[in-house]
There are 2 protein chains.
Amino acid sequence: MAPNIKYSVSKEDHLKAIFHLQQEQGMVTTNALAAALQTRPASVTDMLKKLKEQKLLNYERYKGFKLNNEGRKAAVQIIRKHRLWEYFLVKKLQFGWDEVHEIAEELEHVGSRKLIDRLDAFLGFPEADPHGDPIPDSQGRLPVRRQVSLSQLPLGKTVQVSGVASQTPEMLEVLQYNHIQLGTRLEIRKKFPFDDSLEVKVRNRPPVTLSAQVAKNVLVNDDEPQTERR
Amino acid sequence: MAPNIKYSVSKEDHLKAIFHLQQEQGMVTTNALAAALQTRPASVTDMLKKLKEQKLLNYERYKGFKLNNEGRKAAVQIIRKHRLWEYFLVKKLQFGWDEVHEIAEELEHVGSRKLIDRLDAFLGFPEADPHGDPIPDSQGRLPVRRQVSLSQLPLGKTVQVSGVASQTPEMLEVLQYNHIQLGTRLEIRKKFPFDDSLEVKVRNRPPVTLSAQVAKNVLVNDDEPQTERR
DNA sequence: TTTTGTTTTTAGATTTGTCTAAAATTTATT
DNA sequence: AATAAATTTTAGACAAATCTAAAAACAAAA
């Protein structure tokens, strides 16, 4: 039976942020982590020592760091909790997909393993959260999703939105305004080389123009459109 | 719109415990609170100063204390959260009523007011948690619990002690001796018509006999939480 | 290869919540 | 009322998580 390991809220926040950062770069730096957590480099160094002490990451001073197997497992569990709660908030409690992040930040730190597995079952074992990010299963397996930025696609293609790279409220506002959400099917109608903006069309709506900035952050399925689940 | 006031986990634990204790006695003592929270009297004193500072209770050294209006409101909101989450866990996630308390202890500290109001609606505005304790509504109105004397109940019923009518030291001594206190769950095993005494069983203890006099003064929840026991 | 600049770490302080041991105060007993 | 016992508070210490300011290590440029 899966154990019920619990770290402090701050440690969990650090583990999760390191995990996300090392998806991008292989190694994570003190400054990058401090920026991601809105804290100070000195505080990060302090925490790194504790996490190393607990054998959750490989770290040598001045040399950068990354999670080891143990740390990665812990981080994935937190991400699993975060995304399941987000799914719950949107699908069961009728929250908008742009309101759920902060609340899930709190719920993800609730410890019980049994709770999260029961929640998973209650929700019907969803595969992705409301932002299109894949939900790790109870074994910690994190499905890899082939996602491609909207800006990289050729003209005329019809694709389905499966994720948003930059999940700031400002970004989500733009999408909301243009009636684009997760699962929305888009056709790329025109590309403007001048500013790399592009015009897309959503079914039953007039075409809209998206800036290069926005398009870059809209992730779409490159292959099969995802089947809608209840 | 109801504000989103947040206190530390420890402060919330103290507020809740004080609230429960002052339901019984009007004034709460340092020792009683320390016992309830499994902490030390000195720690309680420390916290009392902070809560007084924040104007959540009336407290003068060596004189006992009780919540003021502000503190009571805060405590009721925490209790609302606790009981709604318990209801959710039992009714939606299929937990047994005896497993949910600890998990709800964590969930109750999640801050968002909107979350709890949405959860309330999702659950259909339930009036009592799985233990039969009433759930405060979103205005903080706490329904008065129906209390019934233990002597009036039918055989076989399992109930939770929610009050003691006669709080004489003699009465409390009897209860103490039989390991019965507030919140203790009892099953009524046998009734003796000869003297109206009855035999009750507390979990993990041998059965004990209570006189009619005693039984009359033990108040219990008159609900049926255990009908849907799994 | 020095010098300069950036990044990271250390040293020391602060805040919150807890503890133990001892002192102060209240309550109970003779 | 005086003494004993219990309760409550204070004093001082400690751990966790954070910070600022300064030092150390590394990287880049002259």
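Numbers restart at 1 for each chain; the letters A, B, ... are given by sequence-line order, proteins then strands.
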Between B:Glu86 and B:Lys81, does at least one N-O distance fall below 4.0 Å, as a salt bridge requires?
-> no

B:Glu53 has an atom CD; how far is it from atom P of C:dG17, in whole Å?
-> 13 Å

What integer distance in Å separates A:Glu60:CD from D:dA25:P?
-> 15 Å

Tabulate atom names and distances for all N/O pairs under 3.5 angstrom spanning the protein and nucleotides 19-22 of chain D.
| unit_1 | atom_1 | unit_2 | atom_2 | d |
| --- | --- | --- | --- | --- |
| D:dC19 | OP2 | A:Thr39 | OG1 | 2.7 |
| D:dC19 | OP2 | A:Arg40 | N | 3.4 |
| D:dC19 | OP2 | A:Ser43 | OG | 2.3 |
| D:dC19 | N4 | A:Asp46 | OD2 | 3.1 |
| D:dT20 | OP2 | A:Arg40 | NE | 3.4 |

B:Asn31 side chain N/O closer than 4.0 Å to the phosphate oxygens (OP1, OP2) of D:dA6?
-> no

Using a 4.0 Å heavy-atom cut-off across all strands, classify A:Ser10 as base, sugar-phosphate, or nothing.
-> sugar-phosphate

Is A:Asp129 salt-bridged to A:Arg80, going by a charged N under 4.0 Å from an acidic O?
-> no

Tell me whether the OP1 or OP2 atom of C:dT10 has a side-chain N or O from A:Tyr62 closer than 4.0 Å.
-> no

By nearest-nucleotide position on DNA chain D, the 5'-leaning member of A:Lys50 and B:Lys49 is B:Lys49

Over how many whole Å does the gap from B:Arg61 atom CZ to C:dT27 atom P extend?
-> 14 Å

Hey, does A:Tyr59 reach any base, or is it just sugar-phosphate, or nothing, if we go heavy atoms under 4.0 Å?
-> sugar-phosphate

Here the distance between atom C1' of D:dT18 and atom CG of A:Asp13, to the nearest Å, is 14 Å

Passing candidate, side chain to side chain donor-acceptor pair (under 3.5 Å) with B:His82, options B:Gln77, B:His101, B:Glu12 | B:His101

How close or far is atom P of C:dT7 from atom CZ of A:Phe65, stated in whole angstroms?
-> 14 Å

Ignoring backbone atoms, establish whether A:Ser8 has a side-chain N or O less than 4.0 Å from OP1 or OP2 of D:dA17.
-> yes

Value in whole Å for how far the C1' atom of C:dG17 lies from NE2 of B:His109 = 14 Å

Kindly indicate, with the supporting measurements, whether the criterion side chain to side chain contact (heavy atoms under 4.5 Å, CB included) is fulfilled by A:Leu67 and A:Leu15.
-> CA-CA 8 Å; A:Leu67 299 178; A:Leu15 290 172; 3.8 Å; yes

Whole-Å gap separating P (C:dT9) and NZ (A:Lys63) = 12 Å

Rounded to whole angstrom units, what separation is found between the CG atom of A:Leu48 and the P atom of D:dT18?
-> 12 Å

May I ask you to decide whether B:Arg83 forms a salt bridge with B:Glu108, counting only side-chain N to carboxylate O separations under 4.0 Å?
-> no

For atom CZ of B:Arg118, is the number of surrounding heavy atoms from other residues, nucleotides or ligands below 6.0 Å larger than 12?
-> yes

Reckon A:Thr30 touches a base, only the sugar-phosphate, or nothing at all at heavy-atom distances under 4.0 Å?
-> sugar-phosphate

Which of parallel (below 30°), tilted (30 to 60°) and perpendicular (above 60°) describes A:Tyr59 and A:Phe65?
-> perpendicular

